[in-house]
Protein chains: 2
Amino acid sequence: MSSCETCVVRNRAICAGLDNQEIVALNAIGRRRSVSAGEPLIWEDDDSLLVANVIDGVLKLTTSTEDGREQIVGVAYPSDFIGRPFGQTSKASVVALTDARVCVFSRNDFDRFARSHPELEHKLLERTLAELDRTRSWMMLLGRKTAPEKIATFLLEMSDRLAETGCTPITRGPAKRFTLPFSRQQVADVLGLTIETVSRQFTKLKNEGVIDLPARRDVEILNRASLVALAG
Amino acid sequence: MSSCETCVVRNRAICAGLDNQEIVALNAIGRRRSVSAGEPLIWEDDDSLLVANVIDGVLKLTTSTEDGREQIVGVAYPSDFIGRPFGQTSKASVVALTDARVCVFSRNDFDRFARSHPELEHKLLERTLAELDRTRSWMMLLGRKTAPEKIATFLLEMSDRLAETGCTPITRGPAKRFTLPFSRQQVADVLGLTIETVSRQFTKLKNEGVIDLPARRDVEILNRASLVALAG
DNA sequence: TGGCATGGTTGACGCGGATCAAAGCGGACC
DNA sequence: GGTCCGCTTTGATCCGCGTCAACCATGCCA
């Protein structure tokens with residue numbers, strides 16, 4: 001029996017509107033799975049055989065060029081949906097950034113289930129539209145923002161995202177202090193920069209007293225207003 | 001009566017699966033509208049009051065910074081869907097690039113109609129997922145590709161898109177020669193470059209015999225293989 | 001406690017693409 | 001045909017970020 005308590009709760013996020021019987025049915029076709037940090041779950045250009053719902057942890061969606069350049073095109077947090085339903089191939093790899101637990105479904109099973117449960121499809125549509133909005137605003141960042149603007153925007157986004165998903169034990173609202181689920185290289189891959197530029201911008205913000213960097217991956221926002229100003 | 005023949009045909013694209021009676025019902029809540037080149041249809045950050053289906057013409061989706069930098073985050077071709085259903089605000093402006101005809105719906109009407117027609121929602125979901133895939137692969141271009149790679153990728157994409165939507169009177173398959181629906185500035189806004197860089201890369205490709213530029217907005221692909229190689 | 005591996009920082013330098021400026025177009029209109 | 005006007009091209013210069021290389025911090029294991 002795969003339907004643990006947390007799994008049910010997280011799946012509920014994509015199920016609001018379904019009645020309890022349906023939620024149980026969905027859980028019945030899902031299988032819980034642990035993924036450790038760095039471990040891939042889905043490969044770019046592979047047949048789309050599975051989709052999943054994130055229970056906890058953070059995962060990255062990436063695309064790469066043949067010569068090894070990588071771009072992170074999305075980040076999945078708890079209760080986010082990953083994989084490509086209704087499509088033959090997935091256009092992005094999915095790799096865990098932290099140890100993560102997911103609830104995986106065979107794509108065929110999930111597609112069939114979704115098609116016969118309009119409320120679930122509706123929820124999925126809403127999420128996909130929201131993700132598209134987020135992705136488009138990230139295009140503006142990649143195409144038109146400077147390195148300092150990128151870093152500031154990134155820190156603000158992280159502060160919001162990590163607070164809202166409860167990855168930091170902090171009351172609601174943007175987190176003042178948080179632990180990045182990214183290495184410097186991964187931050188660079190999100191922002192379309194190099195690791196050196198990311199590092200330099202971080203220390204610059206630290207020297208200016210805008211943020212503090214108490215540990216490798218920890219960030220404390222000291223002056224949110226100037227971050228907002230810098231983000232443009 | 002707003003449901004002209006083309007409108008019905010184009011709407012049919014998002015309606016496959018609905019029976020005829022439903023298609024007629026959808027057309028009944030839509031209103032046909034002409035938009036001339038350069039005219040805006042939806043404004044960034046405005047209340048999302050209308051959604052639309054493109055009958056013909058090409059439109060751009062853009063986001064801008066306060067200081068006027070612009071990024072084109074999407075392009076809508078005939079039978080594409082624009083606007084933000086199930087959302088309070090639209091995160092992108094929509095402006096016609098060419099004279100265009102669209103079939104507009106009040107968002108409320110459309111949302112209500114969609115929620116009671118699962119087949120339509122499913123179609124919408126499939127389209128949104130496909131658009132998300134396209135958008136993500138564009139992120140790779142914006143974040144990691146060089147100017148020559150960007151231009152080559154752009155030309156190949158245009159060649160595919162313009163052929164497939166029938167904007168050029170050419171048999172199926174990628175178009176060898178086509179008219180860009182973009183000015184140089186707009187190409188720059190798609191690729192995250194400046195107008196000067198776009199111009200220089202175009203003339204470079206022309207000098208190398210990869211493409212020909214018979215008129216301002218016309219492109220002829222002379223050597224598709226090297227474009228593919230350049231696109232990376 | 002020392003050695004090593006991994007990841008992050010810092011510095012010197014060069015290049016790709018932005019910026020600034022001026023000179024071609026080519027179409028619309030008279 | 002002439003003369004605008006907006007768009008595009010071309011040239012000169014600059015600078016932000018990438019590249020290359022060395023150095024430093026941290027944590028792990030012997």
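All heavy atoms count here, side chains included; hydrogens, waters and symmetry mates do not. Here is how names work: the chains are called A, B, and so on, in the same order as the sequence lines, proteins then strands, and each is numbered from 1. Small disclaimer: the values here were computed from a predicted structure and weren't measured.
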[X] has an atom [atom1]; how far is it from atom [atom2] of [N], in whole Å?
X         : N       : atom1 : atom2 : answer
Lys204(A) : dT9(C)  : NZ    : P     : 15 Å
Leu213(B) : dC7(D)  : CG    : C1'   : 14 Å
Gln201(A) : dT9(C)  : CD    : P     : 12 Å
Asp218(B) : dT8(D)  : CG    : C1'   : 14 Å
Ile151(B) : dT9(D)  : CD1   : P     : 11 Å
Ile195(B) : dA21(C) : CD1   : P     : 17 Å
Leu191(B) : dG16(C) : CG    : P     : 18 Å
Phe202(A) : dC17(D) : CZ    : P     : 15 Å

Among Asp189(A), Thr63(A), Thr65(A), Asp67(A), side chain to side chain donor-acceptor pair (under 3.5 Å) partner for Arg144(B):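 Only one option passes, and that is Asp189(A).
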
Check: Arg84(A) and Lys91(A) side chains under 4.5 Å, non-hydrogen atoms: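 Heavy-atom side-chain distance check fails, nothing below 4.5 Å.
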
Can you tell if the side chain of Leu50(B) reaches within under 4.5 Å of the side chain of Ile42(B), non-hydrogen atoms only?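 They are in contact (side-chain heavy atoms under 4.5 Å apart), so the answer is yes.
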
Side-chain H-bond candidate by donor/acceptor type, [X] with [Y], under 3.5 Å:
X         : Y         : result
Lys145(B) : Thr153(B) : yes
Thr128(A) : Glu131(A) : no
Ser199(B) : Glu196(B) : no
Ser183(A) : Arg217(A) : no
Thr146(A) : Glu149(A) : yes
Asp218(B) : Thr179(B) : yes

Please write out each protein N/O paired with an N/O of nucleotides 22-27 of chain C under 3.5 Å, distance rounded to 0.1 Å.
from, atom 1, to, atom 2, distance (Å)
dC25(C), O2, Arg216(B), NH2, 3.1

Quick one: is dT10(D) close enough that its OP1 or OP2 comes under 4.0 Å of any side-chain N or O from Thr203(B)?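 Yes, because at least one side-chain N or O of Thr203(B) sits under 4.0 Å from OP1 or OP2 of dT10(D).
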
Strictly under 3.5 Å: I want the nitrogen or oxygen pairs between protein and nucleotides 18-21 of chain D, one per line.
from, atom 1, to, atom 2, distance (Å)
dG18(D), OP2, Thr194(A), N, 3.3
dG18(D), OP2, Thr194(A), OG1, 3.0
dG18(D), OP2, Thr197(A), OG1, 2.4
dT19(D), O4, Arg200(A), NH2, 2.9
dC20(D), N4, Glu196(A), OE2, 3.1

